[in-house]
Novice: 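This is the structure I have questions about; it appears just below.
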Protein chains: 2
Amino acid sequence: MAKLIDTCSRELMDTAPQIIQAIRVEMRRGRGSDISIPLFRTLGFVQRNPYSSLSNLAEHLGLTLPSDSKLVDGLVKQKLVTRREFMADRRMITLVLTKAGASIVDSARADAQANLAQKLGGLSIDELETIYQAMKLLRSIFAGQSR
Amino acid sequence: MAKLIDTCSRELMDTAPQIIQAIRVEMRRGRGSDISIPLFRTLGFVQRNPYSSLSNLAEHLGLTLPSDSKLVDGLVKQKLVTRREFMADRRMITLVLTKAGASIVDSARADAQANLAQKLGGLSIDELETIYQAMKLLRSIFAGQSR
DNA sequence: ATAATTAGTTCGCCTTTCTAACAATTAGAA
DNA sequence: TTCTAATTGTTAGAAAGGCGAACTAATTAT
């Protein structure tokens with residue numbers, strides 16, 4: 001049991017970076033997108049959670065506030081996101097995708113998905129199901145509270 | 001079927017970065033290690049494949065040669081790795097861990113594993129098994145040839 | 001009213017990564 | 001064999017992502 005946990009930990013440490021790397025490469029060569037993973041994650045989160053605050057975003061991405069502020073800054077300059085102050089508490093900001101932002105994130109996702117799908121194409125339904133279940137488990141474990 | 005593939009792809013894109021982020025954080029607060037993920041991966045690969053060439057390493061990490069050269073440079077400066085020219089083909093170099101390198105990578109791995117193990121601790125044996133199987137599948141898909 | 005907390009930003013720093021240009025060595029072709 | 005190709009690494013320069021520390025502004029608590 002303890003051994004299985006250790007094996008899993010080691011597998012995670014080995015495999016997760018490789019997956020990221022593959023996604024990064026696919027993201028880069030995606031026509032119509034060419035966006036980095038952190039930017040993609042940011043846009044994706046804002047898309048799923050419009051009017052989110054910066055802290056909220058930072059917590060979900062597992063980054064510090066300064067890091068996130070900078071990320072968002074870049075996105076605002078590219079007009080992919082709007083940063084507006086929240087009237088009920090004027091310390092906060094709310095983040096919303098622009099149309100351009102939504103279209104970028106959609107096409108980046110489509111590109112990456114297409115490339116990933118091709119890699120996953122050789123697997124059986126059972127194997128895909130295993131991966132799906134594993135990702136659900138891992139996501140619930142690693143979601144958010146890493147900080 | 002196609003839908004399952006897409007779902008899996010999306011899960012991968014969402015979850016893999018979160019795992020990485022968690023590992024990064026755990027790596028950083030690990031006493032006795034404090035090493036970044038790329039450096040850890042490099043040391044780990046050299047440990048498992050002593051006398052590897054730089055290209056070999058780069059291919060496995062999915063990085064370009066210059067990136068790797070610089071990474072290794074840092075490790076050599078810290079005396080964690082030795083870079084020696086390979087006599088039979090003097091263009092190549094061979095990489096070997098120093099004792100300090102081995103000890104760093106071991107303790108970093110132990111730290112990260114301990115922290116990951118704690119997170120995985122709440123899972124059942126079946127769930128761990130699912131994750132293990134999934135990682136094996138993913139590793140075989142994403143190993144190496146991403147470039 | 002003042003102190004403490006919270007939300008974001010700015011600053012300065014370091015690391016990771018890339019491309020482009022280069023040197024050195026080896027392998028291949030004329 | 002000699003000249004050209006290809007391979008292996010390195011250097012230089014730039015961009016991006018991450019951090020902590022120090023700051024401002026707004027809100028909440030004492």
Side-chain angles (χ1 to χ4, degrees), chain A residues 17-18 20-29 34-43 46 51-78 80-95 146-147, chain B residues 17-18 20-30 33-43 46 51-78 80-95 146-147:
Chain A
Q18 283 185 318
I20 293 288
Q21 186 59 28
I23 294 176
R24 195 195 334 265
V25 169
E26 281 151 14
M27 217 80 136
R28 204 189 315 280
R29 80 163 152 249
D34 191 23
I35 198 172
S36 74
I37 290 182
L39 296 182
F40 175 72
R41 292 184 73 204
T42 302
L43 292 176
V46 174
Y51 305 103
S52 165
S53 72
L54 193 66
S55 315
N56 206 334
L57 171 65
E59 191 188 332
H60 269 79
L61 297 191
L63 302 178
T64 60
L65 236 43
S67 303
D68 246 352
S69 187
K70 204 189 272 187
L71 272 182
V72 167
D73 230 45
L75 292 173
V76 167
K77 275 185 191 120
Q78 291 180 65
L80 303 180
V81 160
T82 62
R83 174 163 44 186
R84 216 174 294 148
E85 84 175 359
F86 178 54
M87 287 314 180
D89 182 342
R90 303 211 331 271
R91 290 169 301 182
M92 288 203 238
I93 62 171
T94 60
L95 300 170
S146 47
R147 162 162 309 276
Chain B
Q18 283 184 319
I20 293 288
Q21 185 60 27
I23 294 176
R24 197 197 327 268
V25 168
E26 283 151 14
M27 218 79 136
R28 202 189 316 281
R29 81 162 150 249
S33 48
D34 191 24
I35 200 173
S36 73
I37 291 183
L39 295 182
F40 174 72
R41 292 184 74 205
T42 302
L43 291 176
V46 174
Y51 305 102
S52 165
S53 72
L54 194 67
S55 317
N56 208 333
L57 172 64
E59 192 188 332
H60 269 79
L61 298 190
L63 302 177
T64 60
L65 236 45
S67 303
D68 246 352
S69 186
K70 209 184 270 190
L71 269 183
V72 167
D73 230 44
L75 292 172
V76 168
K77 275 185 192 121
Q78 292 181 65
L80 302 180
V81 161
T82 61
R83 175 164 42 187
R84 217 173 295 147
E85 84 174 358
F86 178 55
M87 287 313 182
D89 181 342
R90 300 206 340 268
R91 293 169 298 184
M92 287 204 240
I93 61 170
T94 59
L95 299 170
S146 47
R147 168 160 306 276

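Hydrogens, waters and symmetry mates play no part in the numbers below; they use all other heavy atoms, side chains included.
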Novice: In this structure, which one of A:Ile93, A:Leu63, A:Asp68, A:Leu71 forms a side-chain contact (heavy atoms from CB on, under 4.5 Å) with A:Leu57?
Specialist: A:Asp68
Novice: Any side-chain heavy atom of A:Ser69 within less than 4.5 Å of one from A:Leu54?
Specialist: yes
Novice: So, taking the atom named CZ in B:Arg90 and the one named CE in B:Met92, what distance separates them when rounded to the nearest 0.5 Å?
Specialist: 12.5 Å
Novice: In whole Å, what is the span from the CE atom of A:Met92 to the C1' atom of D:dT27?
Specialist: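 The distance from CE of A:Met92 to C1' of D:dT27 comes to 10 Å, rounded to the nearest Å.
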Novice: Rounded to whole angstrom units, what separation is found between the CG atom of A:Leu61 and the C1' atom of C:dG8?
Specialist: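 It is 16 Å, rounded to the nearest whole Å.
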Novice: Take the protein atom CG of A:Leu54 and the nucleotide atom C1' of D:dA26, then report the distance between them rounded to whole Å.
Specialist: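 About 16 Å, once rounded to whole Å.
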Novice: For B:Asn56 and B:Ser52, which heavy atoms make the closest approach, and how far apart are they?
Specialist: CB-OG, 3.3 Å
Novice: Could you say whether A:Thr94 or B:Ala88 is positioned toward the 5' end of DNA chain C, judged by the nucleotide with the nearest heavy atom to each?
Specialist: A:Thr94
Novice: Can you check whether B:Arg83 has a side-chain N or O nearer than 4.0 Å to OP1 or OP2 of D:dT10?
Specialist: yes
Novice: Near DNA chain D, under 4.0 Å by heavy atom, which residues of residues 65-74 of chain A?
Specialist: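 The stretch gives A:Pro66, A:Ser67, A:Lys70, A:Leu71 as the residues lying under 4.0 Å from the strand, ordered by number.
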Novice: Using Watson-Crick or G-U wobble geometry with both distances below 3.5 Å, tell me the partner of C:dT26, or none.
Specialist: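 Pair assignment: C:dT26 / none.
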Novice: Apply the syn/anti split at 90° from 0 to C:dA23 and say which one it is.
Specialist: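 Anti conformation here, the glycosidic angle of C:dA23 being more than 90° from 0.
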Novice: Send over the distance from B:Arg90 CZ to C:dA23 P, rounded to a whole Å.
Specialist: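 So the CZ-P distance, B:Arg90 to C:dA23, works out to 18 Å.
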Novice: Using whole Å, what does the distance between atom C1' of nucleotide D:dG17 and atom CD of B:Gln21 come to?
Specialist: 11 Å
Novice: What pairs with A:Arg84 under side-chain hydrogen bond (donor to acceptor under 3.5 Å, both in side chains), at least two apart in sequence or on another chain?
Specialist: none
Novice: Please give, in whole Å, the distance from C:dT6 C1' to A:Glu85 CD?
Specialist: 16 Å
Novice: Check this one for me: any side-chain N or O of B:Thr64 less than 4.0 Å away from OP1 or OP2 of C:dT19?
Specialist: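 No, outside the criterion.
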Novice: Between P on D:dA16 and CG on A:Asp34, what's the gap in Å once rounded to a whole number?
Specialist: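 Value for this atom pair: 11 Å.
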Novice: So A:Arg41, base contact, sugar-phosphate only, or nothing? Heavy-atom distance under 4.0 Å.
Specialist: nothing
Novice: Distance check, rounded to the nearest 0.5 Å: B:Arg83 atom CZ versus B:Asp73 atom CG?
Specialist: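 Nearest 0.5 Å value for the CZ-CG distance: 4.5 Å.
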Novice: Expressed in angstrom and rounded to an integer, what is the separation of B:Asp89 atom CG from C:dA23 atom C1'?
Specialist: 15 Å
Novice: Which nucleotide, D:dT10, C:dG8, D:dG18, lies nearest any side-chain atom of A:Pro38?
Specialist: D:dG18
Novice: Report the residues that fulfil side-chain contact (heavy atoms from CB on, under 4.5 Å) with B:Pro17, sequence neighbours left out, ordered by chain and then residue number.
Specialist: A:Ile20, A:Ile37, A:Arg41
Novice: Roughly how far, to the nearest 0.5 Å, is CG of B:Leu75 from CD1 of B:Ile35?
Specialist: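 The distance works out to 6.5 Å.
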Novice: Quick one: does A:Arg91 reach the base of C:dT6 with a side-chain donor-acceptor pair under 3.5 Å?
Specialist: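 Answer yes: a donor N or O sits under 3.5 Å from an acceptor.
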Novice: Nearest to the side chain of A:Ser36 - D:dG17, D:dC19, C:dT25?
Specialist: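 Per side-chain heavy atoms of A:Ser36, the pick is D:dG17.
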Novice: Partner of D:dA5 by Watson-Crick or G-U wobble geometry, both contacts under 3.5 Å, or none?
Specialist: none
